[in-house]
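FYI, side chains are in, hydrogens and waters are out, and symmetry mates aren't considered; it's all heavy atoms of this structure.
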Amino acid sequence: MTPFDLVLTPRGVRFMGRLIPCSIGRGGLSQSKIEGDGATPTGVHKIEAVLYRRDRLSPPNRWAIPIRPFDLWSDDVNDPDYNQLVRAPYDASHEVMRRADPLYDIVFITDWNWPAAIPGKGSAIFLHQWRRPHYPTEGCIAFSREDLLWIAARVLPGTKVIVRD
C-alpha cells in the first residue's frame, strides 16, 4: 500500500494523507460477491475510467469521459453485454448512467468484474456520490460530492482501491 492507493478502513477511505468518510454496500463487505447481494467486493481493484455529467460540472480531471444522454450500464446476468456500458434503447435490465439525482454526476469505473465480466459476479461496482452521509449503496463506495471531486482531481488510471475485511 502507498499513500496514492484508496484504502478502505472501518473509519473511511485513506488517500493521500486524508481519511475520507464514505459509504459501502448495504450487504457489507464480501469475498464472494454475487449480483444483487448489495455487498462491496473485497480485494485490490483498479480505477479504469472516470465518467462525469458535463451538463452539471467541469471535467474533474484530464482523462474524464462525459456521460452521454443515452448511456446505460447492463446488469442483466443473461445479457451478452453484462456489466458493460451500453446505449438506449436497451431491453435488458440496466442502470441509467445519466440520472436525475446527482449520484452518478461523477463515476469511477473499477475493474471489478470488468471488462471481461463473469455473469452473476456483480456489476456496476463504482465509486460515486452518496445519497447522504453513510447511507448504504448497492455495493459501490460512495463519498460526499466535495470529497469525490477532490479524489477525482488526484487519481490516475490504475489507482488502486484496496478493500479488506
Side-chain angles (χ1 to χ4, degrees), residues 1-2 4-15 19-52 64-65 67 71-88 90-99 101-145 147-148 151-152 154-165:
M1 287 186 275
T2 75
F4 303 103
D5 299 330
L6 291 149
V7 181
L8 181 67
T9 74
R11 294 182 39 230
V13 167
R14 270 195 341 259
F15 180 60
L19 184 63
I20 304 167
C22 68
S23 299
I24 63 168
R26 62 177 164 71
L29 302 177
S30 176
Q31 294 179 9
S32 54
K33 170 80 182 147
I34 59 171
E35 187 69 36
D37 66 1
T40 300
T42 59
V44 178
H45 317 300
K46 291 182 182 168
I47 293 174
E48 297 291 340
V50 175
L51 308 178
Y52 75 101
I65 302 164
I67 296 171
D71 283 346
L72 311 170
W73 197 273
S74 174
D75 59 10
D76 186 333
V77 297
N78 297 311
D79 185 62
D81 291 321
Y82 172 69
N83 202 30
Q84 301 294 320
L85 186 66
V86 295
R87 300 267 299 162
Y90 193 74
D91 292 332
S93 178
H94 60 271
E95 286 193 53
V96 174
M97 296 302 293
R98 199 173 170 101
R99 297 171 58 118
D101 65 27
L103 265 62
Y104 286 0
D105 284 1
I106 304 170
V107 177
F108 298 12
I109 297 174
T110 69
D111 67 351
W112 172 259
N113 202 27
W114 187 88
I118 299 169
K121 291 290 286 181
S123 63
I125 301 300
F126 301 141
L127 280 65
H128 63 76
Q129 186 172 321
W130 61 25
R131 289 183 191 281
R132 59 185 179 271
H134 310 292
Y135 189 84
T137 69
E138 293 300 312
C140 299
I141 301 173
F143 302 90
S144 73
R145 186 180 193 91
D147 287 334
L148 196 61
I151 294 166
R154 290 158 178 80
V155 296
L156 297 170
T159 294
K160 292 178 187 171
V161 180
I162 301 172
V163 180
R164 305 250 190 256
D165 57 357

Sub-3.5 Å donor-acceptor pair from the side chain of D147 to the main-chain atoms of S144, do we have one? no

OG1/T42 to CD1/I162 distance, rounded to the nearest 0.5 angstrom? 12.0 Å

Donor-acceptor contacts under 3.5 Å from residues 121-132 side chains, at least two apart:
from : atom 1 : to   : atom 2 : distance (Å)
S123 : OG     : E35  : OE1    : 3.0
S123 : OG     : E35  : OE2    : 3.1
Q129 : OE1    : R145 : NH1    : 2.9

Can R98 and D71 be counted as an ion pair, charged N to O under 4.0 angstrom? no

Separation between CG of D165 and CG of L8, rounded to the nearest 0.5 Å: 10.0 Å

Please step through side-chain contact (heavy atoms from CB on, under 4.5 Å) for the pair R14 and M1, ending with a clear verdict. CA-CA 11 Å; R14 270 195 341 259; M1 287 186 275; 4.2 Å; yes

Atom OH in Y82, atom CH2 in W114: separation rounded to 0.5 Å? 14.5 Å

Chi angles and distances behind the side-chain contact (heavy atoms from CB on, under 4.5 Å) call for L6, T159: CA-CA 8 Å; L6 291 149; T159 294; 4.1 Å; yes

Checking side-chain contact (heavy atoms from CB on, under 4.5 Å) for the pair L19/V13: CA distance, chi angles, key distance, verdict? CA-CA 6 Å; L19 184 63; V13 167; over 6 Å; no

Step by step, would you call D91 with D79 a side-chain contact (heavy atoms from CB on, under 4.5 Å)? CA-CA 10 Å; D91 292 332; D79 185 62; over 6 Å; no

Minimum heavy-atom distance H134-P21, with the two atoms named: CE1-CB, 4.0 Å

If you compare all heavy atoms of T137 against all heavy atoms of A142, which two are closest, and at what distance to 0.1 Å? CG2-CB, 3.7 Å

Do N83 and W112 have a side chain donor and acceptor closer than 3.5 Å? no

Rounding to 0.5 Å, atoms CD1 (I34) and CG (N113) come to a distance of 12.5 Å

Min side-chain heavy-atom separation I24-L29 under 4.5 Å: yes

Check: K160 side chain, H45 main-chain N or O, donor-acceptor pair, under 3.5 Å: no

F4 side chain reached by R154 side chain, heavy atoms, under 4.5 Å: no

Check ring-ring contact (aromatic ring centres under 6.0 Å, His included) between F15 and all other residues, then give those that pass, not counting sequence neighbours. W150

For S93 and D75 the tightest heavy-atom approach is OG-OD1, 2.5 Å

Tell me, do L51 and I109 make a side-chain contact under 4.5 Å, heavy atoms counted? yes

How long is the gap from CG on D37 to OG on S32, to the nearest 0.5 Å? 7.5 Å

Grab the two heavy atoms, one from I65 and one from A49, that are nearest each other, plus how far apart they are. CD1-CB, 4.5 Å

Look at the side chain of Q84 and the backbone N and O of P115, then say whether any donor-acceptor pair between them is shorter than 3.5 Å. yes

Compare every heavy atom of A92 with every heavy atom of D76, then report the nearest pair and how far apart it is. OD2-CB, 3.6 Å

Separation of I151 CD1 from C22 SG (nearest 0.5 Å): 8.5 Å

The criterion is ring-ring contact (aromatic ring centres under 6.0 Å, His included); which residues satisfy it with F108, sequence neighbours excluded? none

Any idea which heavy atoms bring T40 and I141 closest together, and the distance? CG2-CG1, 4.1 Å

